[in-house]
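In listed order, ligands and their atoms are each counted from 1.
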Amino acid sequence: MLDETTIAEMLGQHYDLAPSLEAAERLADVYASMSRVVSPADWAIHAPYVEAINKLKKERNAVILAHNYMTAQIYHGIADVVGDSLQLAIEATRVKADVIVQCGVHFMAETSKILSPEKTVLMPDMDAGCSLAESITPEGIAEMRRRYPGAPVVTYVNTSAAVKAASDICCTSSNAAQIVAALDAETVIMTPDKYLAQNVAKQVPQKNIVWYDGSCIVHERFTAAELRDFRSWQPDTRIIAHPECPPDVVAEADFSGSTAGIIDYVTREQPQKAMLVTECSMASNISDALPGIEFVGPCNMCPYMKMITLEKVLWSLHSMEGAVEVDASVAEEARRAVQRMIDLSKRAAA
Ligand code: 13P
Ligand code: SF4
């Protein structure tokens, strides 16, 4: 991938990307959805990119799938679909387009490619990885199978295609408990997130859940003491934690769920104050739609998610560089594990 200076120079030859109050004004309706978190001055910087991307998207017959952790200018400015990992995986099977631009991390783009092999799936920055995905290889799955013979392997979608292919079924944070409960086995192997596994073990006590030693560098940094301190300082705060947090952190929370589950919860409950124990962009992205809620407390930034910028998205659509490829035989096996998860989730939701 080219460095950012070269990308900026190349883009400058084709687009007028100078900060523009006129472009900001033309896109005033788009800005309305993020005006609490993006300043007018910053919007004048982003607006020319948003305009160029949305125009190019039509020319390329492309759709942008964006995870809930994207910055507000991506989430509100250019995304066609936003959601958690499960929603984005399902949407990848539905979208009618020649090109998917994945605003998220690499495993999400791979999942889209596995489910839509005929489409071009572009990743604006191939280095946008994930500590969980990097923690395990197919050999790690084989080792777990050797230690627990006959136990099915449930693998978090935050993994490479090769690891998915070596697993029996995938899960996301929104369906992990459902998937584990539905398996016809007493012992279930969960990989690679030990904290998600430990949180699921509490929800599904009838199963003997064993886990791999992976974790998310964003969620593992929250501590139960930090939440307790915050609650004693501001007792009227509703605390909501992602299940990638350690179990003692989740135990301090009023609710735990996937990023989509968190959005549903605060939208439904409308607490006066909410602390989202997850990636920082979550609260920013929903704060304009929920003006009655004051979002408070600490949040941690995912360095991988934040590698995706408007500039890189424009470059990928312009150059069509950064197409994700998955070996056909690996993709076939990985598709089986992901599709099993999607089918089971849909059946459970019906
Ligand atoms: P969900 O959006 O599925 O809750 O996942 C969070 C996450 O960390 C994705 O990388
Ligand atoms: Fe991976 Fe954690 Fe970043 Fe999600 S937040 S992409 S799990 S490192």
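- Remark: K57 engages D80 in a salt bridge, criterion side-chain N to carboxylate O under 4.0 Å.
- Ranking protein heavy atoms by distance to atom 8 (O) of ligand 1, first place goes to E244 OE2, 3.1 Å.
- Of all protein heavy atoms, the one lying nearest to atom 5 (O) of ligand 1 is S85 OG, 3.5 Å.
- Aromatic pair Y15/H318: centroids less than 6.0 angstrom apart.
- Of the polar atoms of H219, none of the N or O atoms is found under 3.5 Å from an N or O of ligand 1, judged by distance alone.
- For C299, the disulfide (SG to SG under 2.5 Å) test picks out C280, with sequence neighbours left out.
- Between F255 and Y265, the angle of the ring planes stays under 30°, which puts this pair in the parallel group of the 30/60° scheme.
- Inclusion of C216 in the first shell of atom 1 (Fe) of ligand 2 is not supported: no N, O or S atom falls under 2.8 Å.
- Comparing V218, V105, N158 against atom 4 (Fe) of ligand 2, the shortest heavy-atom distance belongs to N158.
- In terms of polar-atom proximity, defined here as any N/O pair under 3.5 Å, T172 makes no such contact with ligand 1.
- For atom 3 (Fe) of ligand 2, the N/O/S atoms of C302 include one lying under 2.8 Å.
- Within the structure, ligand 1 has N158 among the residues with a heavy atom less than 4.0 angstrom away.
- Within the structure, the closest approach of E279 to ligand 1 does not fall below 4.0 Å when heavy atoms are considered.
- For Y69, the closest heavy-atom approach to ligand 2 falls below 4.0 Å.
- Taking a 4.0 Å cut-off on heavy atoms, S173 registers as neighbouring ligand 1.
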